[in-house]
J.: 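Handing you this structure, nothing more for now.
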Amino acid sequence: MPAAAAAGTIKIAHFANWDPPVFISVAHAQTPAAGGPESTLLSLLPLVLMFVVLYFIMIRPQMKKQKEHKAMVEALAKGDEVVIAGGVLGRVAKLGDTYLHVEVANGVEVQVQRVSVIQVLPKGTFK
């Protein structure tokens with residue numbers, strides 16, 4: 001070995017005819033798993049369980065919240081103090097089927113959709 005190679009220099013080799021090792025083996029046809037309808041049902045079980053969990057964690061509470069909001073909007077009456085979308089507080093002045101007028105200051109009324117009411121406040125909150 002030359003002295004330069006022993007001193008720490010690295011000799012670079014040329015790999016012109018070198019083939020990289022093959023990491024993927026040849027795939028062979030497999031026979032279907034022995035089993036009937038039981039294996040099919042067991043393979044669907046995780047999917048069904050995920051749907052059940054999703055229903056009880058996300059869908060059911062959202063439906064309950066929508067139902068409560070709809071009942072609150074239908075129960076609005078003249079003189080109720082409300083918070084509308086955007087955080088504006090006011091008192092209901094006039095009611096319509098889809099719109100209502102909210103008095104936000106003395107003599108200032110804003111017409112909004114009924115569904116934009118976020119919360120009904122206790123009496124005496126808005127002065």
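Small disclaimer: the values here were computed from a predicted structure and weren't measured.
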J.: Looking only at non-hydrogen atoms, find the nearest pair between R114 and V73 and report the distance.
T.: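 R114 and V73 have their closest heavy atoms at NH2-O, 2.9 Å.
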
J.: Return the CE to NZ distance between M72 and K67, rounded to the nearest 0.5 Å.
T.: 15.5 Å

J.: Pairs under 3.5 angstrom only: tabulate donor-acceptor contacts from the side chains of residues 74-97 to other protein residues two or more places apart or in another chain.
T.:
from : atom 1 : to   : atom 2 : distance (Å)
D80  : OD1    : K123 : NZ     : 3.3
D80  : OD2    : A77  : N      : 2.9
E81  : OE1    : G124 : N      : 3.2
E81  : OE1    : T125 : N      : 2.9
E81  : OE1    : F126 : N      : 2.9
E81  : OE2    : R91  : NH2    : 3.1
E81  : OE2    : G124 : N      : 3.3
R91  : NH2    : F126 : O      : 2.9

J.: Could you grab the distance from atom OG1 of T98 to atom CD of Q113, nearest 0.5 Å is fine?
T.: 7.0 Å

J.: Compare all side-chain heavy atoms of M63 with those of R60 and state whether any distance is below 4.5 angstrom.
T.: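 No; the side chains remain at least 4.5 Å from each other.
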
J.: Using side-chain contact (heavy atoms from CB on, under 4.5 Å), reason through V117 and Q119 one step at a time and then give a plain yes or no.
T.: CA-CA 6 Å; V117 174; Q119 182 181 10; over 6 Å; no

J.: Is any side-chain heavy atom of V104 less than 4.5 Å from a side-chain heavy atom of V102?
T.: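 SC-SC contact between V104 and V102 confirmed.
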
J.: Among L45, V53, V52, which residue meets the side chain to side chain contact (heavy atoms under 4.5 Å, CB included) test with L49?
T.: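 Per the side chain to side chain contact (heavy atoms under 4.5 Å, CB included) rule, the option paired with L49 is L45, out of L45, V53, V52.
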
J.: Could you measure the distance from the CD atom of Q62 to the OH atom of Y55? Nearest 0.5 Å is fine.
T.: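 Reported to 0.5 Å precision, the distance equals 12.5 Å.
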
